[in-house]
Amino acid sequence: MIKQLAIVGGTHGNEFTGIYLLKKWQANPELIQRNSFVTETLFGNPQAHQENKRYVDNDLNRRFNRDELAQPGLTSVEEVRAKEINELLGPKGDARVDFIIDLHTTTSNMGPTLLLTAKGKFYSQLAAYVKMHMPQLVICCDEDHKTNDEHHFLSSIAPMSVMVEVGPVPQSVIRHDVFEQSERMTSLILDFIELDNTGRLPELPETVDAYRYLECIYLPLTESGERAGMIHRDIQDKDFAAIVPGQPIFVTFAGEEVCYQGEQTVYGSFINEAAYYDNNIAMSLLEKISLNCR
Ligand SMILES: [Zn+2]
């Protein structure tokens, strides 16, 4: 039974949607309250937001590894903030909150995406329920073989969690459609938990289509490590479309096409995500899967 839930926005300081949704909900708390549990909100990285950056020193959403949280003497802005958040919502492993919804946006054309970092009937049913009410929803399983302890995401403080990831929206921009989709998805997640808590779940499909993360691939680089090319126009904005072996995925600045070398059809996500430019990640590759709701 989920009794205490936290919605986190602004884990990345330049993802404005979640930050402004929090402001809306703080002004209208009834929108996120349900009868069977208590909802609170938390602004993840206000300092990065003040500086209009994703993060100040390093990515807050990679700082929640249990070993790192326990390590004394870490002093970066995000290392310190991670420990504060772990005290506010956690501690990880014995957390005060039962469930975290962490709000993110992407510059990639992913539409409304529900990111799951754990498996099980609860999550499959949750995904199926949200998709039933929001047919354009995409469900992505991200390293759901890992235990919560092994995850480094903020949401892994709580024993159960999801991430809401909606795009395309540029960094530091608010778009009406993305704002609405983020709000709607969050509201449906809260509705599902209320129904599950009170044993009133409606009939759900037996299975629901989803994608599972396989690996990320990198932009072409020169021998000295400089960027040598970009995402090919044929896959730009084509998140969740098939990428087949031999298909051009990059083009060098000299105009040479670089083709996908894998042996199986895969699907891309976070294609040309602006936040991944600092480490030359071009996209994530996914496989299609089906989640069992029974
Ligand atoms: Zn984010």
Side-chain angles (χ1 to χ4, degrees), residues 6-25 41-65 76-79 81-82 84-86 89 99-118 137-144 151-158 161-175 177-186 189 211 213 216 239-240 268-284 286:
I7 304 177
V8 182
T11 296
H12 292 133
N14 58 7
E15 296 177 5
F16 281 31
T17 308
I19 295 164
Y20 281 83
L21 273 172
L22 289 194
K23 288 181 201 272
K24 175 174 178 173
W25 292 326
T41 57
L42 180 91
F43 190 163
N45 198 341
Q47 194 175 333
H49 181 59
Q50 218 157 32
E51 298 183 25
N52 198 18
K53 290 174 175 169
R54 179 176 173 88
Y55 54 78
V56 179
D57 292 321
N58 40 35
D59 194 333
L60 180 62
N61 206 29
R62 309 286 183 269
R63 301 274 74 77
F64 292 86
N65 179 288
S76 87
V77 166
E78 280 77 17
E79 285 160 350
R81 184 61 181 149
E84 286 170 5
I85 294 172
N86 192 44
L89 304 180
F99 199 99
I100 291 176
I101 302 173
D102 192 16
L103 304 175
H104 291 264
T105 57
T106 170
T107 65
S108 305
N109 187 27
M110 287 167 61
T113 301
L114 179 65
L115 289 180
L116 305 177
T117 54
L137 182 82
V138 177
I139 299 145
C140 268
C141 300
D142 189 1
E143 305 200 272
D144 58 351
H151 278 300
H152 55 193
F153 300 120
L154 184 151
S155 53
S156 71
I157 295 172
S161 62
V162 293
M163 283 182 265
V164 166
E165 183 81 68
V166 186
V169 60
Q171 296 176 332
S172 311
V173 169
I174 303 171
R175 275 176 61 132
D177 51 357
V178 168
F179 188 90
E180 265 184 343
Q181 287 170 340
S182 304
E183 182 173 23
R184 173 96 176 118
M185 206 197 307
T186 305
I189 294 164
Y211 296 87
Y213 171 84
C216 63
D239 296 75
F240 306 113
S269 70
F270 291 105
I271 295 175
N272 217 0
E273 164 59 51
Y276 298 160
Y277 267 55
D278 55 357
N279 42 18
N280 292 309
I281 293 174
M283 70 187 91
S284 295
L286 317 168

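Computed from heavy atoms alone, side chains included, the values below leave out hydrogens, waters and symmetry copies. From a predicted model like this one, the values you see are computed outputs, not experimental measurements. Read the numbers this way: they start at 1 and go in the same order the structure lists the ligands and their atoms. Along the sequence shown, the residues carry numbers beginning at 1.
Inclusion of Glu15 in the first shell of the Zn ion (ligand 1) is supported: an N, O or S atom falls under 2.8 Å.
Here the CG atom belonging to Asn109 is positioned 12.0 Å from the OG atom belonging to Ser269, to the nearest 0.5 angstrom.
For His104, the N, O or S atom with the smallest separation from the Zn ion (ligand 1) is ND1. His12 has its closest N, O or S atom to the Zn ion (ligand 1) at the position named ND1.
Checked against Asn45 for a side chain to side chain donor-acceptor pair (under 3.5 Å), the options Arg81, Glu51, Gln50, Glu78 give a single hit: Glu78. The side chain to side chain contact (heavy atoms under 4.5 Å, CB included) with Leu103 is formed by just one residue from the set Val8, Thr17, Val166, Leu21; it is Leu21.
Across every non-hydrogen atom of Ile101 and Phe99, the tightest pair is CG1-CE2, 3.8 Å.
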